[in-house]
Protein chains: 2
Amino acid sequence: MSLNDTFKALADPTRRKILDLLKDGDLTAGQIAEHFDMTKPSISNHLNILKHAGLVWDERKGQTIVYSLNTTVFQDVMKWLIDLQQSKG
Amino acid sequence: MSLNDTFKALADPTRRKILDLLKDGDLTAGQIAEHFDMTKPSISNHLNILKHAGLVWDERKGQTIVYSLNTTVFQDVMKWLIDLQQSKG
DNA sequence: AATATATTTAGAAAATTATCTAATAATGAA
DNA sequence: TTCATTATTAGATAATTTTCTAAATATATT
């Protein structure tokens, strides 16, 4: 759950697409996997990395696990980017 | 020079630290390398990745090559982050 | 022209990350 | 309890990235 974890998580195009999918609403792991030409365990791994970075939350609902986007972590990334644009000069 | 290149470039802590160093002013490749416990070729590689992503510019000055920060690329990253925070409803 | 300095390029080794198949866990329904 | 469904974990392989040493390039100086 560090800034490094967040940047690392955002570095992969599959994971960025997952976040983009979740923008429109929560989805189960299976629904997310449907959007990719990749096995479910691979998607599960990506979801775990996103979860570790605090970019998504998960909640079991019966047989399924529902994932939702958490954009609060973006604040730290934005802060880092903005700080870099202001010289200490 | 794609958004993917930018995210990939930002995913490494050494490269983020290089950007942070350049925030205070331009530096030669050698001066940058001094800040790290790593060989010059390794730093040179990181600088090349940052350059490829459009995050830094380089300019030869005599024997040295001076690197400077380019934050204009950040706009694209920011846009991506902000877009993600606004649902398509 | 020869030498020194600053940096990069080339190529290999090490480390990390992404992906797959097979097996396991958790829930729900018959 | 047994079977089906959803999803994850484990472990192996493949791919990518990082880092190193050695060699090459570019400029400046003597």
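Numbered from 1 within each chain, the chains take letters A, B, ... in sequence-line order.
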Visitor: Taking only heavy atoms on the protein side, list every residue of residues 34-49 of chain A lying under 4.0 Å from any atom of DNA chain C, sorted numerically.
Guide: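 A:Met38, A:Thr39, A:Pro41, A:Ser42, A:Asn45, A:His46, A:Ile49 - these, ordered by number, are the residues of the stretch whose heavy atoms sit under 4.0 Å from the strand.
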Visitor: Which residue pairs pass the salt bridge (charged side-chain N to carboxylate O under 4.0 Å, His left out) test with at least one member in residues 65-79 of chain A, sequence neighbours excluded?
Guide: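 The answer is A:Lys79-A:Asp83.
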Visitor: Tell me the interatomic distance from A:Ile65, atom CD1, to C:dA25, atom P, rounded to whole angstroms.
Guide: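 Taking atom P of C:dA25 as the reference, CD1 of A:Ile65 is at 15 Å.
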Visitor: Between A:Thr64 and C:dT27, is there a side-chain N or O to OP1/OP2 distance below 4.0 Å?
Guide: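 No, no such contact exists.
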Visitor: Measure CD/A:Glu59 against P/C:dA26 and give the value in whole Å, please.
Guide: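 Going from A:Glu59 (CD) to C:dA26 (P), I get 18 Å.
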Visitor: Output yes when a side-chain donor or acceptor of A:Arg15 lies under 3.5 Å from a complementary backbone atom of A:Leu10, and no otherwise.
Guide: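 Side chain of A:Arg15 to backbone of A:Leu10: no pair is present.
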Visitor: Which pair of heavy atoms, one from A:Ile18 and one from A:His46, lies closest together, and at what distance?
Guide: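 For A:Ile18 and A:His46, the tightest heavy-atom pair comes out as CD1-CB, 4.0 Å.
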Visitor: NE2 of B:His52 versus C1' of C:dT9: gap in Å, rounded?
Guide: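 Checked: the NE2 to C1' distance equals 15 Å.
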Visitor: List the residues meeting side chain to side chain donor-acceptor pair (under 3.5 Å) with A:Asp26, not counting sequence neighbours, and say none if there are none.
Guide: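 Residues passing side chain to side chain donor-acceptor pair (under 3.5 Å) with A:Asp26: none at all.
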Visitor: Residues in side-chain contact (heavy atoms from CB on, under 4.5 Å) with B:Pro41, at least two apart?
Guide: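 Result, side-chain contact (heavy atoms from CB on, under 4.5 Å) vs B:Pro41: B:Thr39.
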Visitor: So, using side-chain contact (heavy atoms from CB on, under 4.5 Å) as the criterion, who are the partners of B:Met78 when residues are at least two apart?
Guide: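 For B:Met78 the side-chain contact (heavy atoms from CB on, under 4.5 Å) partners, ignoring immediate neighbours, are A:Met78, A:Leu81, A:Ile82, A:Gln85.
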Visitor: Keeping to residues at least two apart or across chains, list the side-chain hydrogen bond (donor to acceptor under 3.5 Å, both in side chains) pairs with something in residues 52-68 of chain A.
Guide: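 Listed by first then second residue: A:Lys51-A:Asp58.
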Visitor: Can you tell me the distance, in whole Å, between the CG atom of A:Leu10 and the C1' atom of C:dT17?
Guide: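 Rounded to whole Å, this separation is 16 Å.
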Visitor: State which residues pass side-chain contact (heavy atoms from CB on, under 4.5 Å) with A:Asp5; sequence neighbours excluded, sorted by chain then number.
Guide: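 For A:Asp5, the residues satisfying side-chain contact (heavy atoms from CB on, under 4.5 Å) (neighbours in sequence not counted) are A:Ser2, A:Ala53.
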Visitor: Between A:Ala11 and A:Arg60, name the one whose nearest nucleotide on DNA chain C is closer to the 5' end.
Guide: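 Taking each residue's closest nucleotide, the earlier one in sequence belongs to A:Ala11.
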Visitor: Locate the shortest heavy-atom distance separating B:Ala9 from B:Leu50; write the atom from each residue and the value.
Guide: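 Looking at all heavy atoms of both residues, the closest pair is CB-CD2, 4.3 Å.
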Visitor: When you list every nucleotide of DNA chain D with an atom under 4.0 Å from a heavy atom of chain B, which one comes first 5' to 3', and which comes last?
Guide: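 The contact span of chain B on DNA chain D goes from D:dT17 to D:dA28.
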Visitor: Give B:Thr28 one of three labels, base, sugar-phosphate or nothing, depending on what nucleic acid heavy atoms sit under 4.0 Å from its own.
Guide: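 Sugar-phosphate, backbone atoms only, no base.
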Visitor: Return the minimal non-hydrogen interatomic distance between A:Val73 and A:Gly54, and the atom names on each side.
Guide: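 Where A:Val73 meets A:Gly54 most closely, the heavy atoms are CG2-O, 3.1 Å.
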Visitor: Output all residues satisfying side-chain contact (heavy atoms from CB on, under 4.5 Å) with A:Ile43, sequence neighbours left out; order by chain, then residue number.
Guide: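 In terms of side-chain contact (heavy atoms from CB on, under 4.5 Å), with neighbours along the sequence ignored, A:Ile43 is linked to A:Thr14, A:Ile32, A:Ala33, A:Phe36, A:Met38, A:Leu47.
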Visitor: Between protein and nucleic acid, restricted to nucleotides 28-30 of chain C and to nitrogen or oxygen atoms under 3.5 Å apart, what atom pairs and distances do you find?
Guide:
none

Visitor: Rounding to 10 degrees, work out the angle separating the end axes of the helix from C:dA1-D:dT30 to C:dA30-D:dT1 (five pairs an end).
Guide: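 Its terminal axes enclose an angle near 10°.
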Visitor: Please state whether the rings of B:Trp80 and B:Phe7 are parallel, tilted or perpendicular, taking 30° and 60° as the class boundaries.
Guide: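 Correct class here is perpendicular.
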Visitor: Quick test of your reading: applying salt bridge (charged side-chain N to carboxylate O under 4.0 Å, His left out), list the pairs with at least one residue in residues 27-37 of chain B, sequence neighbours left out, ordered by first then second residue.
Guide: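 For residues 27-37 of chain B, and leaving out neighbouring residues, there are no salt bridge (charged side-chain N to carboxylate O under 4.0 Å, His left out) pairs at all.
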